[in-house]
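Just below is one structure, and these are the notes that go with it.
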Amino acid sequence: MSTHQNHPFHLVNMSPWPITGAIWGIKMAAGLISMFHQYKFIIISTGVLITLLTMIQWWRDITREGTYQGMHTSVVNFGLRWGMILFIVSEVFFFISFFWAFFHSSLAPTIELGMMWPPSGIKPFNPMQIPLLNTAILLASGITVTWAHHSLMESNYSQTTQGLLLTIILGVCFTILQAYEYIEAPFTIADSVYGSSFFMATGFHGLHVIIGTTFLSVCLMRHIMFHFSSNHHFGFEAAAWYWHWKYGMIIFMYLILLMS
């Protein structure tokens, strides 16, 4: 039988990571329910462990295919780019649903909300304090990730490292400040539709920032191991696209949820 390949596409080998990822989803959902209702952390802890192992080994396999085995041809790279673009578009519509819910309630508050927005009894955050600082931090991280990207395209190894490291530090600072903001919040997710829409939107945005920070951290490790070149670095480019989307979203979060 001939092993000649008559197409430019990469047909991946059989992998166990999709099934372990599915197990992770079930474990995380069950673990969150157990944590919220019974204050037990064993299920979610094992779910997080499975997640980390799946991420590490799945990314390892993709890195091998694209960096060492030459599987990511120009045709495959084109498909990966469109896949990332469509993923970000799906993220846009995901957050549109939160904004829709917010505007539905805020533009015409019902009698149950006291005919006012924010609802009676809720003291919103001061937009000139931590929210403004966090917005500035993410906007600054957009500058540093762009610096890293352009440095990589110019084969400037040291400045790419510096730009990536600064972006990761800014992402971690954002997460720490958001956690502090949640701890000191004067209302909860159970406080009417205002609390629900606020914490759902900002919480998912914060989760995406954590994911983006992890994405960039992997890119930094790969850059240190010389996996990227000036013309072969889509892994980093995808992370940069994702990060630009995240710091762009914070502007809408700030103007709509906090300034309205």
Side-chain angles (χ1 to χ4, degrees), residues 24-41 43-45 47-48 51 87-139 141 170-213 242-243 245-260:
W24 156 75
I26 296 171
K27 292 281 286 186
M28 290 292 285
L32 285 171
I33 294 171
S34 177
M35 182 179 70
F36 289 151
H37 292 280
Q38 300 175 345
Y39 302 101
K40 294 180 180 179
F41 295 88
I43 299 177
I44 196 168
S45 299
V48 170
T51 303
F87 170 68
I88 291 174
V89 170
S90 73
E91 293 279 281
V92 171
F93 281 94
F94 178 73
F95 279 93
I96 283 176
S97 66
F98 296 135
F99 292 137
W100 188 296
F102 182 85
F103 283 129
H104 177 81
S105 299
S106 64
L107 295 179
T110 63
I111 193 169
E112 290 84 4
L113 300 176
M115 304 291 288
M116 59 185 297
W117 193 263
S120 178
I122 292 182
K123 180 183 178 182
F125 287 102
N126 185 343
M128 303 307 292
Q129 295 179 349
I130 291 180
L132 180 61
L133 177 59
N134 256 354
T135 302
I137 285 173
L138 272 196
L139 291 177
S141 73
L170 289 171
V172 171
C173 289
F174 175 92
T175 301
I176 292 171
L177 283 171
Q178 187 174 34
Y180 175 76
E181 182 182 44
Y182 278 11
I183 292 170
E184 296 296 319
F187 57 91
T188 71
I189 195 171
D191 286 324
S192 79
V193 68
Y194 183 89
S196 299
S197 58
F198 178 87
F199 281 105
M200 284 293 289
T202 60
F204 270 111
H205 180 265
L207 176 63
H208 283 72
V209 169
I210 294 172
I211 294 170
T213 305
Y242 188 82
W243 196 257
W245 147 244
K246 283 298 103 186
Y247 82 74
M249 177 53 62
I250 192 65
I251 298 174
F252 290 96
M253 290 280 182
Y254 183 77
L255 294 176
I256 293 174
L257 297 183
L258 293 164
M259 297 297 289
S260 61

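What you see is a predicted model, and the numbers here were worked out from it, not measured in a lab.
Put simply, CG on D191 and CD1 on I122 are 5.0 Å apart, with the number rounded to the nearest 0.5 Å. Taking OG1 of T213 as the reference point, atom CG of L170 lies at 9.5 Å (rounded to 0.5 Å). Of the inter-residue distances, the one linking M35 atom CE with I43 atom CD1 reads 11.5 Å to the nearest 0.5 angstrom. Taking CD1 from I44 and NZ from K27, the interatomic distance works out to 10.5 Å, rounded to the nearest 0.5 Å. Atom CD1 of I211 is separated from atom NZ of K246 by 8.5 Å, given to the nearest 0.5 angstrom.
Counting all heavy atoms, side chain and backbone alike, V209 lies closest to G171 at CG1-O, 4.1 Å. Scanning all heavy atoms of the two residues, the minimum distance from Y182 to G203 falls at OH-N, 2.9 Å. Of all the heavy atoms in I130 and L177, the pair that sits closest is CG2-O, 4.0 Å. Taking every heavy atom of both residues into account, P131 and N126 meet most closely at CD-O, 3.5 Å.
A tilted orientation is assigned to the rings of F94 and H208, their planes being inclined by 30° to 60°.
A 4.5 Å side-chain heavy-atom check between F98 and S197 finds every atom pair outside the cut-off. Here the side chains of W245 and F95 are in contact, with some heavy-atom distance below 4.5 Å. L139 is listed as a side-chain neighbour of I251, based on a closest heavy-atom distance under 4.5 Å. The side-chain heavy atoms of I250 and N134, taken from C-beta on, include no pair separated by under 4.5 Å.
Checked by atom type, the side-chain pair S141/W243 shows a donor-acceptor distance below 3.5 Å.
Taking the six-membered ring wherever Trp is involved, the centroid distance between the rings of H205 and F174 falls below 6.0 Å. If you look at F198 and F102, their ring centroids are not closer than 6.0 Å.
Listed for the Y194 side chain is no donor-acceptor partner under 3.5 Å among the backbone atoms of I189. Counting only distance, with no hydrogens or angles, the side chain of S196 and the backbone of V193 share no donor-acceptor pair below 3.5 Å.
Counted within 6.0 Å of OH on Y180, heavy atoms from surrounding residues, nucleotides or ligands total 12 or fewer; the atom is thus considered open.
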*Which is it for F125 and F187 under the side chain to side chain contact (heavy atoms under 4.5 Å, CB included) test, yes or no, and what are the steps along the way?*
CA-CA 9 Å; F125 287 102; F187 57 91; 3.7 Å; yes

